[in-house]
Amino acid sequence: MTARTIKQQIAALATSDGAGVRIKRSLGQSQAVRMDPFLMLDEFGSEQAADYIAGFPAHPHRGFETVTYMLQGHMLHEDHLGNRGNLQTGGVQWMTAGRGIIHSEMPQQEEGLMRGFQLWLNLPAAEKMKPAGYRDIQANEIPSVQLPGGTVKLIAGSLTLAGERHQGAVVGGSTCPLYLDLTLEPNGNLTLPVELALNAMVYLYQGQASVAGEALQTSAASLLTEGDQLTVSASSDGARVLLIAGKPIGEPIVQYGPFVMNSREEIEQALQDYRNGQLTA
């Protein structure tokens with residue numbers, strides 16, 4: 001087994017998106033800061049309604065998937081397909097923009113903590129124009145595995161632990177996404193397999209933790225070296241860490257705001273389709 005170590009830590013930068021929602025962005029803070037196949041990772045979290053109340057009014061996407069993980073709070077999703085889903089504490093919204101989708105994500109609370117993450121997962125050229133889709137995953141649909149040292153919540157992907165195969169709420173896909181939420185006990189350690197073919201990162205969002213003896217920065221995308229095994233260790237306060245991995249696509253990326261394609265011509269076509277009302281046709 002080859003242990004993964006920290007290759008680079010990309011601190012999240014404070015910014016805003018949507019109609020003024022305050023976020024912290026690590027991957028995607030510039031178009032040069034990505035980890036194939038992932039385009040962007042945003043963390044949001046505030047008890048001040050002014051930081052999130054305006055939400056994300058109707059807007060388009062094409063060419064990738066969005067994964068929203070709600071740690072705490074309540075948000076309503078609506079799109080042109082007629083989907084209407086309540087994203088609540090512990091739940092996940094997995095949306096495939098494909099050829100095109102127009103959707104909104106609006107808070108359903110006027111006070112209290114709203115906290116979570118949004119991840120953008122690229123699609124290969126062969127899948128960028130497939131039909132749009134949406135899945136609303138409730139908290140009780142996401143499996144978790146209790147291990148010595150902590151708990152693994154399997155949002156996406158599969159893990160073999162002690163000879164037993166565990167599947168997440170979402171499995172499959174050409175990029176084989178792995179998305180885990182790790183809760184480490186005080187002074188606990190979790191050692192997990194991560195397939196060699198996958199690019200991988202961890203994101204510490206609570207407590208203190210380390211990988212191979214190197215401390216993780218809080219709210220930073222910590223990109224990992226190649227390997228087939230990862231050990232995360234917590235301090236005496238315990239920790240919560242996201243583990244995100246996927247098979248790289250290795251294709252050109254041209255992005256213009258909410259459109260992610262492989263060429264400038266495809267971006268221009270997306271813009272023309274949107275202006276002409278053909279984005280979702």
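Listed by chain and residue number, Y203, Y205 satisfy the ring pair (Phe, Tyr, Trp, His ring centres under 6.0 Å) test with F117 (two or more places apart in sequence, or in another chain). For P143, the side chain to side chain contact (heavy atoms under 4.5 Å, CB included) criterion is met by A169, not counting sequence neighbours. Remark: N187 pairs with S236 by the side chain to side chain contact (heavy atoms under 4.5 Å, CB included) rule, at least two apart or across chains. Here Q29 pairs with I10, L13, R25, V33 under the side chain to side chain contact (heavy atoms under 4.5 Å, CB included) rule; sequence neighbours left out. Every side chain to side chain contact (heavy atoms under 4.5 Å, CB included) that A200 has, sequence neighbours left out, goes to R4, V194, L224, A245. Legend: residues meeting side chain to side chain donor-acceptor pair (under 3.5 Å) with T225, ordered by chain and number and at least two apart, are T5.
Among pairs with a residue in residues 203-228, none fulfils salt bridge (Lys or Arg N to Asp or Glu O under 4.0 Å), at least two apart in sequence or across chains. Evaluation of the salt bridge (Lys or Arg N to Asp or Glu O under 4.0 Å) test over residues 107-119, restricted to residues two or more places apart or in two chains, returns none. Within the structure, the ring pair (Phe, Tyr, Trp, His ring centres under 6.0 Å) test picks out no pair touching residues 254-281 (sequence neighbours left out). The stretch residues 154-166 participates, sequence neighbours left out, in no salt bridge (Lys or Arg N to Asp or Glu O under 4.0 Å) pair at all.
Annotation: Q108, atom CD; neighbour count of heavy atoms from other residues, nucleotides and ligands within 6.0 Å is above 12.
In the model, R62 has no side-chain atom that pairs as donor or acceptor with a side-chain atom of Q269 under 3.5 Å.
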Side-chain donor-acceptor pairs under 3.5 Å in residues 83-103, sequence neighbours left out?
| unit_1 | atom_1 | unit_2 | atom_2 | d |
| --- | --- | --- | --- | --- |
| N83 | ND2 | D79 | OD1 | 3.4 |
| N83 | ND2 | D79 | OD2 | 3.1 |
| R84 | NH1 | E78 | OE2 | 2.5 |
| N86 | OD1 | H74 | NE2 | 2.8 |
| T89 | OG1 | G73 | N | 3.1 |
| Q93 | NE2 | H77 | ND1 | 3.2 |
| W94 | NE1 | E65 | OE2 | 3.4 |
| T96 | OG1 | E65 | OE2 | 2.6 |
| R99 | NE | L279 | O | 3.4 |
| R99 | NE | A281 | O | 2.7 |
| R99 | NH2 | Q278 | O | 3.0 |
| H103 | ND1 | H77 | ND1 | 3.4 |
| H103 | NE2 | H59 | NE2 | 3.1 |
| H103 | NE2 | H61 | NE2 | 3.3 |

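The hydrophobic cluster of I249 has no other members, since no ILVMFWY side-chain heavy atom comes under 4.5 Å of it.
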